[in-house]
Amino acid sequence: MSVYSKILKTIAEKGAAYFVLIDPDKVNENNIAEFLQVSEKAGVDGFFVGGSLIVNGDFEKSIKLIKEYSALPVIIFPGSVNQLSPDADAVLYLSLISGRNAEHLIGKQVLAAPVIKKFNLEAISTGYMLIESGKQTTAEYISGTKPIPRNKPEIATATALAAQFLGMKLVYLEGGSGAENHVPLEMIKSVSEEIEIPLIVGGGIRTPGVARKMVNNGANIIVTGNFFEDRNNWNLMKDFASAIHTKLPVDV
Ligand code: 1GP
């Protein structure tokens with residue numbers, strides 16, 4: 001079964017899917033195995049791996065380590081063309097459709113295509129949209145693009161529809177890693193009501209309650225990153241998974 005089909009199945013069975021983003025810069029060889037075990041036990045559905053800027057991390061090695069210790073799907077969430085590995089299960093084939101920088105709309109995709117083919121990676125076409133979230137985020141700065149204003153759900157909705165009509169398989173509303181403000185619920189609702197492809201939401205999600213509200217407003221996949229870089233928060237991962245998996249019975 002393709003990774004995309006697995007994602008669709010998870011959404012259908014659990015109400016929504018929960019992915020944890022692992023930044024290769026933050027991977028600590030001493031506790032990654034434990035982190036993956038905690039995630040699996042908590043009910044996480046898979047991992048996104050990548051970052052807008054990798055300073056010290058070893059991307060290839062991070063993917064290998066994660067695959068070694070976990071059976072869950074590992075999907076590359078590439079911050080650049082260099083973030084590709086044959087060891088991953090799939091790659092989000094992102095086009096930054098909120099911006100007007102041709103390099104991020106199609107240029108990088110051309111460079112990545114032959115490598116993805118060579119690695120035999122499943123490419124999941126994704127309309128990636130940066131949403132204004134307070135201070136400028138790394139993704140905005142690095143991509144040299146303006147995010148969609150947070151009080152303009154109609155722009156986000158029209159952009160998401162365009163992604164669907166172009167044949168993309170997922171739409172991603174991104175507040176940016178460590179965002180001050182998460183993507184507004186009103187925008188999630190407006191986009192999800194119009195499109196038929198699954199909607200991913202990430203950036204600045206710090207409580208299970210917010211994750212639940214996002215799902216209730218139509219998000220199909222929730223992504224958290226930063227929050228679990230602090231191991232003191234690991235015990236809350238289960239609460240996130242339960243909040244997101246609205247169709248699963250809550251265990252007491
Ligand atoms: C994934 O960039 C986000 O969409 C992750 O954001 O690190 O703020 O959870 P956080």
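Read the numbers this way: they start at 1 and go in the same order the structure lists the ligands and their atoms. The model shown is predicted, which means the values in this text are computed figures rather than measured ones. Numbers here simply count residues along the sequence, with the first being 1.
- Atom numbering of ligand 1 starts at 1 in the shown order; those under 4.0 Å from a heavy atom of Gly204 are 6 (O), 8 (O), 10 (P).
- A salt bridge links Asp23 with Lys26: the distance from a Lys NZ or Arg NE/NH1/NH2 to an Asp or Glu carboxylate oxygen falls below 4.0 Å.
- Between the side chains of Ser52 and Tyr141, no donor-acceptor pair is found at a separation under 3.5 Å.
- Of all protein heavy atoms, the one lying nearest to atom 5 (C) of ligand 1 is Leu21 CD2, 3.8 Å.
- Thr157 and Glu154 form no side-chain donor-acceptor contact under 3.5 Å, judged by distance and modelled atom types alone.
- Summary of contacts: the protein heavy atom closest to atom 4 (O) of ligand 1 is Tyr172 OH, 2.5 Å.
- Other residues, nucleotides and ligands contribute over 12 non-hydrogen atoms within 6.0 Å of the NZ atom of Lys67.
- Asn181 and Ser133 are not linked by any side-chain donor-acceptor pair at a separation below 3.5 angstrom, with hydrogens and angles left out of the test.
- Contact check for Gln83 versus Ile54: side-chain heavy atoms found under the 4.5 Å cut-off.
- Contact annotation: for Asn226 versus ligand 1, heavy atoms closer than 4.0 Å belong to both the backbone and the side chain.
- Heavy-atom proximity to Val223, at under 4.0 Å, picks out these atoms of ligand 1: 1 (C).
- By the 4.5 Å heavy-atom criterion applied to side chains, Thr126 and Ser95 are not counted as neighbours.
- For atom 9 (O) of ligand 1, the closest non-hydrogen atom on the protein side is Gly225 N, 2.7 Å.
- In this structure, of Gly202, Ala139, Gly178, the residue bringing a heavy atom nearest to atom 10 (P) of ligand 1 is Gly178.
- Ligand 1 places these atoms under 4.0 Å from at least one heavy atom of Thr224: 9 (O).
- Taking distance alone, with nitrogen or oxygen atoms compared against 3.5 Å, Glu174 approaches ligand 1 more closely than that limit.
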